[in-house]
Novice: 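Quick one: structure below, then a few questions.
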Amino acid sequence: AQSVTQLGSHVSVSEGALVLLRCNYSSSVPPYLFWYVQYPNQGLQLLLKYTSAATLVKGINGFEAEFKKSETSFHLTKPSAHMSDAAEYFCAVSDEGGSQGNLIFGKGTKLSVKP
Amino acid sequence: DGGITQSPKYLFRKEGQNVTLSCEQNLNHDAMYWYRQDPGQGLRLIYYSQIVNDFQKGDIAEGYSVSREKKESFPLTVTSAQKNPTAFYLCASKRFTTGGGTEAFFGQGTRLTVV
């Protein structure tokens, strides 16, 4: 069975500081991994995805994530936080090569950005 | 513009009533999904459908029902059997490719409150 663990339900950073949101996954098949962002009372928007083409994945709004198979991790980073980055972030895994291709989500990490 | 439309955005229900949440997509996606979101619990899969006239239960299907009579539409009914229906409901769709790793696209959500 697949699962995703996001370490830290809340993360607070100062504007201009490094953003690091942690995600570890468990998968019995080669995983496809995703990061989504959600603003209050909105749907989810895709930030980036890993589909085995490259281990370092660049996404929108200056975010990137690195797939590390040995650590079963897919942490999300951004060098310099902006106030507009305050939102909730979800990591997800999919077994696209499996029978259903459903997305399994982590519980989310709420990012606060202090001025 | 292509996308997913959920309606209504806010919905109030009296205890004992059934209510139906609408989800329509014009992306020509085969698969559609319903998720329930509660604070601190991430997204949990209620039902999904990979093809017209077929759907499968997700992790928390009890008290919910769906239909998929058209490719574009996947309505969710919250029945009176659902003991704690107050939540944020998200609909999503995705396409499948042989390359795998396709992302899901989300609607803006419906916030259901039992009064």
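The structure presented is a predicted model; accordingly, all values stated were derived computationally and were not measured. Each chain gets a letter, A, B and so on, in the order the sequences are listed, and its residues count up from 1.
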Novice: Test of understanding: clusters of I, L, V, M, F, W, Y form through side-chain heavy atoms closer than 4.5 Å, transitively. Do A/L48 and A/Y39 belong to the same one?
Specialist: yes
Novice: Counting a contact as any heavy-atom pair under 4.5 Å apart, which residues of residues 82-91 of chain B contact chain A?
Specialist: B/F88, B/L90
Novice: Chain B contacts: which residues in residues 104-115 of chain A have a non-hydrogen atom closer than 4.5 Å to it?
Specialist: A/F105, A/G106, A/K107
Novice: Under a 4.5 Å side-chain heavy-atom rule over Ile, Leu, Val, Met, Phe, Trp and Tyr, are A/V57 and A/V93 clustered together?
Specialist: yes
Novice: Determine whether more than 12 heavy atoms belonging to other residues, nucleotides or ligands lie under 6.0 Å from atom NZ of A/K58.
Specialist: no
Novice: Sort A/L44 into side chain, backbone, both or neither according to what part of it lies under 4.5 angstrom from a heavy atom of chain B.
Specialist: both
Novice: In a table with atom names and distances, give each donor-acceptor pair under 3.5 Å that connects a side chain of residues 105-115 of chain B to protein atoms at least two apart or in another chain.
Specialist:
| residue | atom | partner | partner atom | Å |
| --- | --- | --- | --- | --- |
| B/T110 | OG1 | B/P8 | O | 2.6 |
| B/R111 | NE | A/N41 | OD1 | 3.2 |
| B/R111 | NH2 | A/N41 | OD1 | 3.0 |

Novice: Report yes or no: do A/L56 and A/F67 belong to one cluster of Ile/Leu/Val/Met/Phe/Trp/Tyr joined by side chain heavy-atom distances under 4.5 Å?
Specialist: no
Novice: In residues 36-47 of chain B, which residues are in contact with chain A at a heavy-atom separation under 4.5 Å?
Specialist: B/Q37, B/G40, B/Q41, B/G42, B/L43, B/L45
Novice: Locate the shortest heavy-atom distance separating A/Y36 from B/E103; write the atom from each residue and the value.
Specialist: OH-CB, 3.6 Å
Novice: Any non-hydrogen side-chain atom of A/L103 less than 4.5 Å from a side-chain atom of B/Y35?
Specialist: yes
Novice: Please determine whether residues B/I60 and B/V78 belong to a single hydrophobic cluster, defined as Ile, Leu, Val, Met, Phe, Trp and Tyr linked transitively by side-chain heavy-atom distances below 4.5 Å.
Specialist: yes
Novice: Quick one: do B/L27 and B/Y48 end up in the same hydrophobic cluster if we chain Ile, Leu, Val, Met, Phe, Trp and Tyr together by side-chain heavy atoms under 4.5 Å apart?
Specialist: no
Novice: More than 12 foreign heavy atoms under 6.0 Å from CG of A/L7: is that the case here?
Specialist: yes
Novice: At a 4.5 Å cut-off on heavy atoms, which part of A/Q45 comes close to chain B: side chain, backbone, both, or neither?
Specialist: neither
